[in-house]
Amino acid sequence: MAKKTLKNISEIRRYFHTNSDPVYFVSATNFNLLGLDEWVKNFKYICYMDCFDGRHPNVLVPSELPHEEFQSIEDINNYLLQHKEVVDYVKERGGKPKFVFLMFDEKTEKLAKDLGGEVWFPKAKLRTSMDNKIETVRIGNKAGVPSVPNTLSEVESYEHLQEVCKKAGLGDDLVLQSAFGDSGHTTFFIKSEADFRKHEHEIVGEGEIKIMKRIDCRGSAIEACCTSEGTIVGPLMTELVGFNELTPYRGGWCGNEIFSTAFPPKTRQAARELTFKFGEQLRKEGYRGYFELDFLIDKKTGEIWLGELNPRITGASSMTNHAAFAHADAPLFLFHLLEFSKKPFKLDVEELNARWADPDMIDSWSQMVIKHTEDNVDIITHAPQSGIYKMLPDGRVVFDRFDYHRRAVESEDEAFFLRISNVGDYRYEGADLGILVTRGRSMTKNFQLTDKSRDWINGIKNAYSARPLPSAKAFEDPAFKIM
């Protein structure tokens, strides 16, 4: 019998509200797809960190077992998929399990298959090739989505770098990026030989490097989803980048804002069109499903340049999937699940994209990813719980009530905090303490943190207590992000 084709948003929503097969998001935390369990029946989170102290009804955090030190999120996911409590949980719930991840590798794919499940993402091998920042430039060029003036080259020395840049007409004020890694760790600002020497060991011998002319720009992010019906595009978000109060990494991502007038209408429309073109090229490359693009918007000229591609959900996904348009229609990630479900559907993508571009469909929210920014290491003795916090008139921040819904934030004097670092964890420079979600903006019109944002950050940081690390204990901070 032929499968019935879903013909509109209402039917798509109903399809997921009556979904029978279990869908699992496996990751360090459930932050990236927070709230999706309320859209998809039988959707569960399997997490390494217990952000909610066992109080979230759809989160499983298995008991800690001895394991080798994690080097990546993939390691965390592979540990979880082999954990007896997880294996038993998946088998007891039965059905034909589907797995989604923030990050995964070929070992993850095998472990999911061993559990009788399917990974609802493009193959790890394809995702890895797409995740290469050098490849992103090439895909963008094919799609007609230009990158900041750049050249791609191996770098042998500072003298060699100068030669390459002279030939490409890039000048001396440069930004270098290696093929993989997040912006906080693998983006290098080089204006002199001294700058180069600081990062030489991370540049020389690392293969092809993206060498860009440095521009004065605003960072922005936009998420989209390649489907058989076309590329569905979300709203253009601002990015919080490199604020010392939030991150020790220069150029490091530390949050987003979503609001209807984030950029001039012309810029928003251009970014959406470029994202659509990039998505259509990704489809030709064999990629489908969720992705995110970073755009760099020149402050002087307004020109839009492709920054990087993340072929997956990201730290901004929670913002996209909770926006007003997502509640009016469906979260963007639902279309990703639909694409992999093999359920036939018809969708007027052009009409949907036009509707999602309407400023009335976008409400105003911010998220700040709060890291420990001091150059020390200690052990956390008290950590604030996840839930709703209130700012008092004098700027102090106090816990108000437990909740795991962002929508429970009622005003700009309340915020939802998702705790990452807990009691007993090491607090080191760059450690993620948690994510704070507020209504309204966290930055001024000049893209600086507001005084209120600083009060929120200080209030959360002050809610942590820690004791010094015993001097005999050596410590090395993980070189990977968890969201």
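From a predicted model like this one, the values you see are computed outputs, not experimental measurements.
Under the 4.5 Å side-chain criterion, counting only non-hydrogen atoms from C-beta, Leu240 is in contact with Phe243. In this structure the side chain of His83 reaches within 4.5 angstrom of the side chain of Leu65, judged on heavy atoms. Tyr426 is not listed as a side-chain neighbour of Ile380, based on a closest heavy-atom distance of 4.5 Å or more. Contact check for Glu292 versus Leu309: no side-chain heavy atoms found under the 4.5 Å cut-off. With contacts defined as side-chain heavy-atom distances shorter than 4.5 Å, the pair Phe196/Lys198 does not qualify. Looking at heavy atoms from C-beta onward, Ser421 lies in side-chain contact with Tyr464 at the 4.5 angstrom threshold. Side chains of Tyr428 and Leu469 form no contact here, defined as non-hydrogen atoms less than 4.5 Å apart. At a threshold of 4.5 Å between non-hydrogen side-chain atoms, the residues Phe345 and Phe335 do not count as touching.
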### Task
Output, in order, the C-alpha distance, side-chain angles, deciding distance and verdict of side-chain contact (heavy atoms from CB on, under 4.5 Å) for Ser220 and Thr238.
CA-CA 4 Å; Ser220 66; Thr238 65; over 6 Å; no
### Message
One pair to check against salt bridge (Lys or Arg N to Asp or Glu O under 4.0 Å): Glu285 and Lys142. What are the steps and the verdict?
### Response
CA-CA 10 Å; Glu285 305 282 331; Lys142 283 190 213 171; 2.9 Å; yes
### salt bridge (Lys or Arg N to Asp or Glu O under 4.0 Å) between Lys277 and Glu280, worked out
CA-CA 5 Å; Lys277 284 165 74 174; Glu280 294 303 287; over 6 Å; no
### Task
Report the C-alpha distance between Arg439 and Glu412 in whole Å, list the side-chain angles of each, state the deciding distance to 0.1 Å, and finish with yes or no for salt bridge (Lys or Arg N to Asp or Glu O under 4.0 Å).
CA-CA 5 Å; Arg439 287 186 182 271; Glu412 292 192 18; over 6 Å; no
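Within the model, atoms CD1 of Ile76 and CD of Gln71 stand 10.5 Å from one another, a figure rounded to the nearest 0.5 Å. The CD1 atom of Ile362 lies 9.0 Å from the CG atom of Leu236; values are rounded to the nearest 0.5 Å. From His322, atom NE2 reaches atom CG of Leu332 across 13.0 Å, with rounding to the nearest 0.5 Å. Taking CG of Asn310 as the start and CZ of Arg127 as the end, the distance is 9.5 Å to the nearest 0.5 Å. Atom NE2 of His405 is separated from atom CZ of Phe416 by 9.0 Å, given to the nearest 0.5 angstrom. The CG atom of Leu337 sits 15.0 Å away from the NZ atom of Lys343 when rounded to the nearest 0.5 Å.
For the pair Lys461 and Glu374, the salt-bridge criterion is not met [side-chain N within less than 4.0 Å of a carboxylate O]. The pair Glu118-Lys96 does not count as a salt bridge, with every side-chain nitrogen at least 4.0 angstrom from each carboxylate oxygen. A salt bridge does not link Arg467 to Asp378: none of the charged nitrogens lies less than 4.0 Å from a carboxylate oxygen. Here Arg312 pairs with Asp131 in a salt bridge; the nearest charged N to carboxylate O distance falls below 4.0 Å. Checked for salt-bridge contact, Arg13 and Asp329 miss the test: no charged N lies under 4.0 Å from a carboxylate O. Contact check on Arg283 versus Glu229 returns no salt bridge, with no Lys/Arg side-chain nitrogen under 4.0 Å from an Asp/Glu carboxylate oxygen. Using a cut-off of 4.0 Å between Lys/Arg side-chain N and Asp/Glu carboxylate O, Arg407 and Glu38 are scored as salt-bridged.
Nearest heavy-atom pair across Val40 and Leu334 is CG2-CD1, 3.5 Å. The nearest pair of heavy atoms linking Ser228 to Glu339 is N-OE1, 2.8 Å. Scanning all heavy atoms of the two residues, the minimum distance from Leu449 to Arg454 falls at O-NH1, 3.0 Å. Minimum interatomic distance between Val369 and Trp253 (heavy atoms only, all atoms of both residues): CG2-CH2, 3.5 Å. Taking both residues in full, the closest heavy atoms of Phe291 and Pro311 are given as CB-CA, 4.2 Å, listed atom of the first, atom of the second, then distance. The shortest heavy-atom contact between Ala112 and Val119 is CB-CG2, 3.7 Å.
Side chain to side chain, Gln177 and Thr187 meet the donor-acceptor criterion of an N or O pair below 3.5 Å. In this structure, a donor-acceptor pair under 3.5 Å is present between the side chains of Thr314 and Glu223. Checked by atom type, the side-chain pair Glu308/Thr136 shows no donor-acceptor distance below 3.5 Å. For the residue pair Ser63 and Glu85, a side-chain donor N or O sits within less than 3.5 Å of a side-chain acceptor on the partner. In this structure, a donor-acceptor pair under 3.5 Å is present between the side chains of Asn78 and Thr108. Side-chain contact check for Arg406 and Gln367: no donor-acceptor pair (N or O, by modelled atom type) lies under 3.5 Å.
Classified by interplanar angle (parallel below 30°, tilted 30° to 60°, perpendicular above 60°), the ring pair Phe52/Tyr404 is perpendicular. Using cut-offs of 30° and 60° on the angle between ring planes, the pair Phe340 and Phe121 is tilted. Relative orientation of the His336 and Tyr290 rings is perpendicular, given thresholds of 30° and 60° on the angle between their planes.
No more than 12 heavy atoms of other residues, nucleotides or ligands lie within 6.0 Å of CD in Glu68, so this atom counts as exposed by the packing criterion.
Note: Tyr45 and His56 meet the aromatic proximity criterion, with ring centroids under 6.0 Å apart. Taking the six-membered ring for Trp, Phe16 and Trp39 have ring centres at least 6.0 Å apart.
Of the candidates Ile313, Asn58, Val59, Ile313 is the only one forming a side chain to side chain contact (heavy atoms under 4.5 Å, CB included) with Phe25.
A cation-pi arrangement is absent between Arg401 and Phe399, since the terminal nitrogen or guanidinium carbon is not both under 6.0 Å from the aromatic centre and inside a 45° cone about the axis.
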